Amino acid sequence: MSSPLQAEGAETSPFAPGDFADLASGSARTALLTVLGEFVWPTGTAAWTSSLLYVLGGMGIEPHTARQAIARAAAAGWIEPARRGRAVMWSLTPAGRRIFEEGSPRVYSMSNPFSSWDGSWLILLVTIPHTHRTARKKLYAGLNWAGFGNPTPGVWLSPHLERKAEVAGLIERLDLDKHTMSFTGKASDVGISVSEIVAQGWDMATLEEHYRTVLDTLAGPLPTDQDRVLLAYVRMVGEWQRFPFSDPQLPEALLPDWIGRRTARRIEALRAQWTEQVHTRWAQVNAGPGD
């Protein structure tokens with residue numbers, strides 16, 4: 001018995017490289033999540049396999065790789081298929097919708113200067129015993145997403161006290177409760193300065209260089225053809241969605257006029273400018289299952 005993906009052909013993509021091509025597409029999985037988050041989640045309208053392959057193909061993702069990404073998203077419980085003859089439509093599951101419900105506010109906040117910071121830090125002292133060594137990667141990924149830096153081994157800190165519940169849930173899920181201590185407070189004059197804490201906790205220089213590349217790309221000539229705008233839009237939004245994984249959103253008091261906030265504002269402006277046009281084109285692409 002053939003799988004839903006094997007049964008349906010893909011529409012040939014006319015996209016050409018060059019439109020914001022300096023913005024990394026990321027993996028097929030992340031590109032798929034961008035398309036789902038922009039076009040399926042807001043409307044609740046399912047996407048044909050051929051429509052997903054059309055856009056992913058425009059981003060340089062081979063059909064076989066794109067189909068694998070769709071299949072893995074289904075296996076993970078994020079999307080579910082509905083057959084229409086030999087063609088298949090994909091809808092978000094409740095788990096898939098939660099991904100965007102929980103992640104989108106963090107992405108939308110990337111331009112926020114966080115000017116209300118009072119100088120307090122949320123501090124975690126985490127020891128990972130040998131019996132829990134498999135939790136290390138998940139712990140680091142979760143803390144990075146929450147904006148924590150690691151200025152010295154075993155010490156994690158963030159200016160975002162409002163994320164305490166999020167981090168507590170992470171520590172509990174990884175069964176590290178008995179190996180973690182937490183505190184909140186302001187840095188004192190003993191030892192390294194706050195600026196040195198920032199320098200040791202995060203690689204802001206590399207991040208600034210990356211943002212400069214993104215901002216330079218977004219300042220270049222803008223596409224006008226509807227398909228090229230669609231591709232540029234998906235690349236740009238995909239880049240924006242990855243910001244929280246590397247940018248801790250440090251307060252304006254620590255990083256005045258931070259280029260990350262300026263880059264996020266540029267993306268927000270272009271997104272607002274293109275949204276109606278791009279969603280109209282997606283609706284045309286997704287009007288039928290293709291041949």
Side-chain angles (χ1 to χ4, degrees), residues 13-39 54-62 103-115 141 144-145 147 149 159 195 198-279 281-282:
S13 173
F15 294 129
D19 296 313
F20 291 4
D22 287 341
L23 304 183
S25 301
S27 66
R29 172 182 171 276
T30 57
L32 173 63
L33 284 174
T34 299
V35 175
L36 293 173
E38 280 297 299
F39 304 123
Y54 182 82
V55 178
L56 296 181
M59 301 181 73
I61 298 169
E62 295 294 331
S104 294
R106 186 71 48 83
V107 176
Y108 296 151
S109 71
M110 293 307 299
S111 60
N112 185 347
F114 190 13
S115 55
N144 284 335
W145 169 258
S195 62
V198 171
Q200 293 180 195
W202 297 274
D203 186 359
M204 303 307 291
T206 298
L207 186 57
E208 180 178 5
E209 184 178 348
H210 174 72
Y211 274 135
R212 201 167 301 283
T213 298
V214 174
L215 200 54
D216 288 347
T217 300
L218 299 179
L222 300 179
T224 54
D225 174 83
Q226 60 181 359
D227 275 333
R228 297 175 76 92
V229 171
L230 173 60
L231 173 58
Y233 181 95
V234 173
R235 285 188 182 277
M236 177 184 72
V237 170
E239 181 71 50
W240 185 42
Q241 290 173 340
R242 288 191 291 275
F243 284 1
F245 290 98
S246 56
D247 190 330
Q249 293 179 275
L250 297 179
E252 182 80 14
L254 295 176
L255 288 178
D257 193 31
W258 172 234
I259 189 173
R261 289 188 285 274
R262 286 189 276 122
T263 305
R265 286 194 291 269
R266 174 60 174 162
I267 289 176
E268 289 171 355
L270 282 175
R271 185 170 181 258
Q273 175 182 330
W274 282 342
T275 290
E276 183 176 356
Q277 176 184 354
V278 165
H279 280 256
R281 178 55 186 150
W282 166 258

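As the structure is a prediction and not an experimental result, all values here were calculated from the model.
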Checking side-chain contact (heavy atoms from CB on, under 4.5 Å) for the pair Val229/Arg281: CA distance, chi angles, key distance, verdict? CA-CA 9 Å; Val229 171; Arg281 178 55 186 150; over 6 Å; no
Salt bridge (Lys or Arg N to Asp or Glu O under 4.0 Å): which pairs involve residues 27-37, sequence neighbours left out? none
Can you confirm whether [X] sits close enough to [Y] that some side-chain heavy atom of one is under 4.5 Å from a side-chain heavy atom of the other?
X	Y	value
Ile259	Leu215	yes
Phe39	Thr34	no
Leu254	Phe114	no
Ser111	Trp258	no

With sequence neighbours excluded, what pairs up with [X] under the side-chain hydrogen bond (donor to acceptor under 3.5 Å, both in side chains) test?
X	value
Ser109	Gln249
Ser195	Ser193
Thr263	none

List in chain and number order the residues that pass salt bridge (charged side-chain N to carboxylate O under 4.0 Å, His left out) with [X], two or more places apart in sequence or in another chain; answer none if no residue qualifies.
X	result
Arg261	Glu252
Arg271	Glu38
Arg265	none

Quick one: ring pair (Phe, Tyr, Trp, His ring centres under 6.0 Å) pairs with a partner in residues 213-233, sequence neighbours left out?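 Sorted result for residues 213-233: empty, none.
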Roughly how far, to the nearest 0.5 Å, is CG of Leu32 from OG of Ser27?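 Answer rounded to 0.5 Å: 9.0 Å.
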Please list, one pair per line, the donor and acceptor atoms closer than 3.5 Å that link side chains of residues 201-211 to other protein atoms, with sequence neighbours excluded.
unit_1, atom_1, unit_2, atom_2, d
Trp202, NE1, Phe148, O, 3.4
Asp203, OD1, Thr206, N, 3.2
Asp203, OD1, Thr206, OG1, 3.1
Asp203, OD2, Thr206, OG1, 2.7
Glu208, OE2, Arg212, NH2, 2.9
His210, NE2, Glu239, OE2, 2.7
Tyr211, OH, Asp247, OD2, 2.7

Arg242 side chain to Gly238 main-chain N or O, any donor-acceptor pair under 3.5 Å? yes
N/O donor-acceptor pair under 3.5 Å between Arg106 side chain and Pro244 backbone: no
So does Gln277 have more than 12 non-hydrogen atoms from other groups sitting under 6.0 Å from CD?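 Above 12, so yes.
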Set of residues satisfying side chain to side chain contact (heavy atoms under 4.5 Å, CB included) with respect to Gln273, sequence neighbours excluded: Leu222, Leu270
Take Tyr108 and Trp240, measure what ring-ring contact (aromatic ring centres under 6.0 Å, His included) needs, and give me the verdict at the end. CA-CA 9 Å; Tyr108 296 151; Trp240 185 42; 5.6 Å; yes
Criterion side-chain contact (heavy atoms from CB on, under 4.5 Å) on Trp274 and Leu230, from CA distance to verdict: CA-CA 8 Å; Trp274 282 342; Leu230 173 60; over 6 Å; no
